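Right, one structure below, let's go through it.
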Amino acid sequence: MIPDLEGLEISRGELKHLSGLGINRVYRPATVKKLLQEGLKTLLAMGLVLLSYGILIGIFPADQTVLVVIHAIACLGLIVDDALKIITTWRHKSLIAIWMQVERYNRIIHAIAFCDQLENAGNPTAQVSDRSRIISALKMIREELVRTLNTEAMIRRNRSLIKQSSHLFPCDVSNLTIPQWQDSTTPDHQMLAEAWDIAMAVEAIVIKSVKLRDKYL
């Protein structure tokens, strides 16, 4: 990776440090459809466990009690793990929405790094134009994402205080967890919005280039 891209990506470890929650403890995206899909997968896995029990009980009928206990524990483990993930996902929908933005941001960095690799392999047309402006935009976005993650974690840890004393705060604190490029009412927000637009334009160009490459391969 070229030096100007190093340190821009927000890693899973950094996400966990900033948010206090491991990314593997939830389902993404936090939608009803996704949760239903995961629930169906768990039911399918339980069906396979029961099928395993049916097969093994026919082979080892004398060990019925042991097989019942083992397979019951397996089914219970699947249910508990899935239930905990669903509950955690539903309780952290705003955090997961920020994570999805982080993933999109990281994909842009990976796309630029891929273009760099293509250029180094002798494909000058893969060069990312206006690179310094793009890198500056990504740095601004990174700072905003880190701010948003830190803010969401603080609000989550002080949820009861905010609920009981919301009238004492000068603003709706829940709005502070919304990335500020979605608000262009101030000059700083306008700069973030422009940075996000630049990043999205880069993503669109890379996606288009990859599609064209796949078409002619």
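Since the structure is predicted, the reported quantities are computational estimates derived from the model, not experimental observations. These numbers come from the heavy atoms of this one structure, side chains and all, not from hydrogens, waters or symmetry mates.
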Check residues 68-86 and write down every donor-acceptor pair under 3.5 Å in which the side-chain atom is one partner and the other belongs to a residue at least two apart or another chain.
unit_1	atom_1	unit_2	atom_2	d
His71	ND1	Leu67	O	2.8
His71	NE2	Ser52	OG	3.1
His71	NE2	Tyr53	N	3.3
Asp82	OD1	Tyr27	OH	2.4
Asp82	OD1	Thr42	OG1	3.2
Asp82	OD2	Thr42	OG1	3.2
Lys85	NZ	Asn24	O	3.3

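- Crowding of Gln64 atom CD: a count of heavy atoms from other residues, nucleotides or ligands under 6.0 Å not exceeding 12.
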Q: List the steps and the verdict of side-chain contact (heavy atoms from CB on, under 4.5 Å) for Val26 and Trp90.
A: CA-CA 9 Å; Val26 298; Trp90 201 251; over 6 Å; no
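- Taken together through direct or relayed side-chain contacts under 4.5 Å among Ile, Leu, Val, Met, Phe, Trp and Tyr, Phe60 and Ile55 form part of one hydrophobic cluster.
- To the nearest 0.5 Å, the span separating CD on Glu152 from CG on Leu149 amounts to 7.5 Å.
- Taking both residues in full, the closest heavy atoms of Arg156 and Ser19 are given as NH2-O, 2.7 Å, listed atom of the first, atom of the second, then distance.
- Interatomic distance, CG of Leu50 versus CD1 of Ile57, reported as 12.5 Å (0.5 Å rounding).
- A salt bridge is defined here as a Lys NZ or Arg NE, NH1 or NH2 lying under 4.0 Å from an Asp or Glu carboxylate O, and Lys34 with Glu38 meets this definition.
- With Leu95 as reference, His92 is the one residue of His92, Lys93, Arg91 to meet the side chain to side chain contact (heavy atoms under 4.5 Å, CB included) rule.
- Separation of atoms CE (Met154) and CZ (Arg157) is listed at 8.5 Å; rounding is to 0.5 Å.
- The same ILVMFWY cluster, assembled from side-chain heavy atoms under 4.5 Å apart, contains both Ile135 and Leu145.
- Within the 4.5 Å cutoff, no side-chain heavy atoms of Ile23 are placed close to those of Lys16.
- At distances below 3.5 Å, at least one donor-acceptor pair connects side-chain atoms of Asn106 with backbone N or O atoms of Ile10.
- Judged by distance alone, the side chain of Arg142 and the main-chain N or O of Gly7 form a donor-acceptor pair under 3.5 Å.
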Q: Please step through side-chain contact (heavy atoms from CB on, under 4.5 Å) for the pair Ile141 and Ile108, ending with a clear verdict.
A: CA-CA 11 Å; Ile141 293 169; Ile108 295 169; over 6 Å; no
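- Separating the CG atom in Asn120 from the SG atom in Cys115 is a distance of 11.0 Å, to the nearest 0.5 Å.
- The CD atom of Glu9 sits 3.5 Å away from atom NE2 of His110, with the distance rounded to the nearest 0.5 Å.
- How far CG of Leu138 is from CD1 of Ile109: 5.5 Å, rounded to the nearest 0.5 Å.
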